[in-house]
*Asks:* 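First the structure, then my questions, so here it is.
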Amino acid sequence: MSKRLPFADQMSLPLIAAPMFLVSFPDLVAEICKNGVAGTFPSLNARTAEDFESWLQRLNTELPEYAAANPEIKVAPYGVNLIVHKSNMRLAEDQALVKQYQSPFVITSVGHPGDVVADVHSYGGKVYHDVINMRHAQKAIEAGVDGLILVCSGAGGHAGLMNPFTFIPQIREIFDGTIILSGTLSNGGALHALEALGADMGYMGTRFIATKEAQVHQGYKDMIVSSGSKDIVYTDKVSGIKGNFMVDSLTQAGIEIEGISEAKPNFDPETKHAQKDEKKAWKEVWSAGQGVGEIKDLPTVAELVERLKKEYTAARAL
Ligand SMILES: Cc1cc2nc3c(=O)[nH]c(=O)nc-3n(C[C@H](O)[C@H](O)[C@H](O)COP(=O)(O)O)c2cc1C
């Protein structure tokens with residue numbers, strides 16, 4: 001694994017399971033970490049700051065205890081996703097909790113990493129920032145982040161349009177930190193491919209929704225398995241920011257994409273959880289990346305990680 005991976009000795013694969021709104025809850029995150037893959041979650045998945053604090057307490061206790069009881073196993077660190085958009089009224093509170101509980105790493109998205117970097121560095125944590133273009137990357141580098149997450153075309157959730165074959169080398173030319181590739185990764189061979197291009201780690205979202213442990217509607221998982229890449233629509237009409245959604249979930253909710261009025265980006269925890277939004281983004285309009293075309297089953301997290309390890313090892317041996 002790459003020398004730029006600060007947690008390499010705790011990981012069984014160069015892989016982060018991406019934070020996903022209404023998907024990444026503590027049970028899934030803990031299970032992923034226990035299998036040597038870094039698990040993450042958006043702080044806003046917790047309805048209140050008190051809930052968020054209890055999740056941090058749980059992970060800070062459960063993961064070290066599991067590692068101590070199973071010294072032969074690699075237990076990966078967990079990371080917290082802070083949405084740094086101005087509509088997130090809980091940012092300051094959640095940021096203070098991250099600092100208090102010293103989360104091993106933080107992922108900042110939808111905005112500028114700002115003073116999160118100094119807070120997380122004060123206790124030795126790492127900050128990785130989501131970017132979709134060179135301009136955002138440059139600003140994040142200037143802010144002192146440890147790594148960049150390149151959210152490429154076809155990714156689940158809010159996604160960019162860059163192709164990784166040129167995005168990774170262009171970023172590597174200007175940045176010596178950790179490069180993490182996001183978007184459509186579904187098999188272990190892809191983790192070797194991204195290393196060949198100059199990145200250090202992969203970031204998988206959709207693949208982890210289609211696991212036994214993900215606490216989402218069974219219909220969501222089944223739709224991922226039955227969908228192909230052609231069934232993914234890239235639009236800003238659902239959440240106000242360009243992202244990828246499964247067409248069948250729009251049809252199921254009785255929504256025609258042409259008929260949707262403009263949406264505004266909204267990361268206010270109150271309204272996001274209350275689902276006052278007419279389009280019911282995330283809850284009923286299900287997001288997934290183009291990688292759905294490769295996803296054919298619903299394994300346990302342990303089974304999935306085992307398979308990814310085999311594929312990664314086989315690709316490296318070629
Ligand atoms: C349902 C869903 C919810 C997401 N929510 C968030 C989020 O709250 N914060 C964030 O930074 N990224 C979010 N993402 C994006 C992922 O972190 C990641 O970039 C993406 O899933 C990677 O692409 P893939 O799904 O094709 O693997 C979400 C993605 C999905 C599919």
Side-chain angles (χ1 to χ4, degrees), residues 13-29 31-33 35 37-45 76 78-83 105-110 128-132 147-162 164 167 179-188 190-191 194 199 201-217 220-221 223-225 227 229 231-234 238-239 241-246 249 281-283 285-299 301 304-305 307-308:
L13 272 173
L15 180 62
I16 293 176
M20 293 180 281
F21 186 60
L22 301 186
V23 177
S24 317
F25 291 107
D27 285 352
L28 179 65
V29 175
E31 184 60 18
I32 290 169
C33 293
N35 280 280
V37 170
T40 65
F41 64 100
S43 68
L44 293 181
N45 267 356
Y78 76 90
V80 170
N81 170 221
L82 293 176
I83 303 283
F105 68 96
V106 169
I107 293 159
T108 46
S109 50
V110 212
Y128 304 131
H129 186 68
D130 261 12
V131 297
I132 58 166
L148 295 171
I149 301 163
L150 315 189
V151 187
C152 290
S153 84
H158 297 141
L161 281 174
M162 286 288 284
F167 203 11
I179 297 180
I180 302 156
L181 180 66
S182 166
T184 79
L185 306 181
S186 311
N187 68 77
L191 299 178
L194 64 86
M201 238 187 313
Y203 201 66
M204 274 184 198
T206 304
R207 180 57 269 194
F208 280 96
I209 307 175
T211 57
K212 293 238 160 38
E213 289 88 344
Q215 287 164 292
V216 298
H217 194 289
Y220 192 170
K221 299 183 188 184
M223 198 178 282
I224 288 177
V225 171
S227 291
S229 301
D231 303 313
I232 303 299
V233 59
Y234 183 61
V238 176
S239 71
I241 300 176
K242 291 271 192 196
N244 285 305
F245 297 88
M246 288 190 286
S249 70
W282 313 109
K283 185 122 199 191
V285 180
W286 293 325
S287 176
Q290 289 174 4
V292 289
E294 281 182 69
I295 300 173
K296 308 278 183 228
D297 60 358
L298 301 173
V301 166
L304 174 61
V305 174
R307 187 197 304 166
L308 293 171

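Values below: all heavy atoms of this structure, side chains included; hydrogens, waters and symmetry mates excluded.
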*Asks:* How far does OG of Ser287 sit from CD1 of Ile224, to the nearest 0.5 angstrom?
*Replies:*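 The OG atom of Ser287 sits 8.5 Å away from the CD1 atom of Ile224.
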*Asks:* Going from CG on Asn35 to CG on Leu15, what distance comes out if it is rounded to the nearest 0.5 angstrom?
*Replies:*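 Asn35 atom CG to Leu15 atom CG measures 11.0 Å (nearest 0.5 Å).
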*Asks:* Taking the side chain as every heavy atom from C-beta outward, state whether Arg207 and Pro299 have any atom pair closer than 4.5 Å.
*Replies:*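 In contact.
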*Asks:* For residues Ile232 and Met246, determine if any side-chain heavy atom of one lies less than 4.5 Å from a side-chain heavy atom of the other.
*Replies:*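 Answer yes - side chains close enough.
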*Asks:* Of all residues at least two apart in sequence or in a different chain, which pass the side chain to side chain contact (heavy atoms under 4.5 Å, CB included) check with Asp231?
*Replies:*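 Applying side chain to side chain contact (heavy atoms under 4.5 Å, CB included) to Asp231 gives Ser227.
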*Asks:* Hey, could you give me the CD/OG distance between Glu294 and Ser229, rounded to the nearest 0.5 Å?
*Replies:*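 Separation between the atoms: 8.0 Å.
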*Asks:* Evaluate the side chain to side chain contact (heavy atoms under 4.5 Å, CB included) criterion for residues Arg307 and Asn187: first the C-alpha distance (whole Å), next the side-chain angles of each, then the deciding distance (0.1 Å), finally the verdict.
*Replies:* CA-CA 8 Å; Arg307 187 197 304 166; Asn187 68 77; over 6 Å; no
*Asks:* Please round to the nearest 0.5 Å and tell me the distance separating atom OG of Ser153 and atom CE of Met162.
*Replies:*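 If I round to the nearest 0.5 Å, the distance is 10.0 Å.
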*Asks:* Checking Ile83 against Thr108 for the side chain to side chain contact (heavy atoms under 4.5 Å, CB included) test, could you report, in this order, the C-alpha distance in whole Å, the side-chain angles of both residues, the deciding distance, and whether it holds?
*Replies:* CA-CA 6 Å; Ile83 303 283; Thr108 46; over 6 Å; no
*Asks:* Which atom names give the shortest non-hydrogen contact between Ala18 and Ser24, and what distance separates them?
*Replies:*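 Of all heavy-atom pairs spanning Ala18 and Ser24, the closest is O-OG, 3.6 Å.
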*Asks:* Any sub-3.5 Å donor-acceptor pair from Thr184's side-chain atoms to Gly291's backbone N or O?
*Replies:*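 Looks like no, no N/O pair under 3.5 Å.
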*Asks:* Is it the case that the side chains of Gln290 and Asn244 hold a donor-acceptor pair, with the cut-off being a distance below 3.5 Å and no angle test?
*Replies:*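 Their side chains do not contain a donor-acceptor pair, so the 3.5 Å distance test is not met.
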*Asks:* Starting from the C-alpha separation in whole Å, work towards a yes-or-no answer on side chain to side chain contact (heavy atoms under 4.5 Å, CB included) for Ser239 and His158.
*Replies:* CA-CA 9 Å; Ser239 71; His158 297 141; 2.8 Å; yes
*Asks:* Does some side-chain heavy atom of Leu181 sit less than 4.5 Å from a side-chain heavy atom of Met201?
*Replies:*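 Met201 does not reach Leu181 side chain to side chain.
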*Asks:* Which residues pass the salt bridge (charged side-chain N to carboxylate O under 4.0 Å, His left out) test with Asp27, sequence neighbours left out?
*Replies:*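 Result, salt bridge (charged side-chain N to carboxylate O under 4.0 Å, His left out) vs Asp27: Arg58.
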*Asks:* Give a yes or no on whether the backbone of Met20 and the side-chain of Asn45 come within a donor-acceptor separation of less than 3.5 Å.
*Replies:*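 Yes: the side chain of Asn45 pairs with the backbone of Met20.
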*Asks:* Residues two or more places apart in sequence or in another chain: which of them pass side chain to side chain contact (heavy atoms under 4.5 Å, CB included) with Thr211?
*Replies:*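 Partners of Thr211 by the side chain to side chain contact (heavy atoms under 4.5 Å, CB included) criterion, ordered by chain and then number, come out as Leu28, Phe208, Glu213, Ala214, Val301, Leu304.
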*Asks:* Within a strict 4.5 Å, meaning less than it, do heavy atoms of the Val80 and Phe41 side chains meet?
*Replies:*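 Heavy-atom side-chain distance check passes, below 4.5 Å.
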*Asks:* Under the side chain to side chain contact (heavy atoms under 4.5 Å, CB included) test, which residues partner Thr40, sequence neighbours left out?
*Replies:*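 Thr40 satisfies side chain to side chain contact (heavy atoms under 4.5 Å, CB included) with Ile16, Pro19, Phe105, Ile107 only.
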*Asks:* Is there a donor-acceptor pair closer than 3.5 Å between any side-chain N or O of Tyr128 and the backbone N or O of Gly79?
*Replies:*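 The answer is no, because no donor-acceptor pair under 3.5 Å joins these two groups.
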*Asks:* For residues Val37 and Ala17, report the shortest heavy-atom separation together with the two atoms involved.
*Replies:*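 Shortest heavy-atom separation between Val37 and Ala17 comes out as CG1-N, 3.9 Å.
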*Asks:* Checking Lys296 now: which residues fulfil side chain to side chain contact (heavy atoms under 4.5 Å, CB included) with it, not counting sequence neighbours?
*Replies:*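 Result, side chain to side chain contact (heavy atoms under 4.5 Å, CB included) vs Lys296: none returned.
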*Asks:* To the nearest 0.5 Å, how far apart are CG in Leu194 and CD1 in Ile179?
*Replies:*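 That separation rounds to 10.0 Å.
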*Asks:* Please step through side chain to side chain contact (heavy atoms under 4.5 Å, CB included) for the pair Tyr220 and Leu22, ending with a clear verdict.
*Replies:* CA-CA 12 Å; Tyr220 192 170; Leu22 301 186; over 6 Å; no
*Asks:* Can Ser109 and His129 be counted as having a side-chain donor-acceptor contact under 3.5 angstrom?
*Replies:*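 His129 and Ser109 do not have a side-chain donor-acceptor pair below 3.5 Å.
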*Asks:* Look only at the side chain of Ser249 and the backbone of Trp286, and say whether a donor-acceptor pair between them is shorter than 3.5 Å.
*Replies:*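 Answer holds: yes.
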*Asks:* Do Cys152 and Phe167 make a side-chain contact, defined as non-hydrogen atoms from C-beta onward lying under 4.5 Å apart?
*Replies:*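 Contact flag for Cys152/Phe167 side chains = yes.
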*Asks:* Listed by chain and number, what are the ring pair (Phe, Tyr, Trp, His ring centres under 6.0 Å) partners of Phe245, not counting sequence neighbours?
*Replies:*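 So Phe245 forms a ring pair (Phe, Tyr, Trp, His ring centres under 6.0 Å) with Trp282.
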*Asks:* Can you confirm whether Thr206 sits close enough to Ile295 that some side-chain heavy atom of one is under 4.5 Å from a side-chain heavy atom of the other?
*Replies:*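 Answer yes - side chains close enough.
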*Asks:* Give a yes or no answer on whether the side chain of Lys221 reaches the backbone of Lys212 with a donor-acceptor pair at less than 3.5 Å.
*Replies:*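 The answer is yes, because a donor-acceptor pair under 3.5 Å joins these two groups.
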*Asks:* Is any side-chain heavy atom of Val151 less than 4.5 Å from a side-chain heavy atom of Val131?
*Replies:*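 No; the side chains remain at least 4.5 Å from each other.
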*Asks:* Is there a side-chain contact between Ile180 and Leu150, using heavy atoms and a 4.5 Å cut-off?
*Replies:*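 Sidechains of Leu150 and Ile180: no contact.
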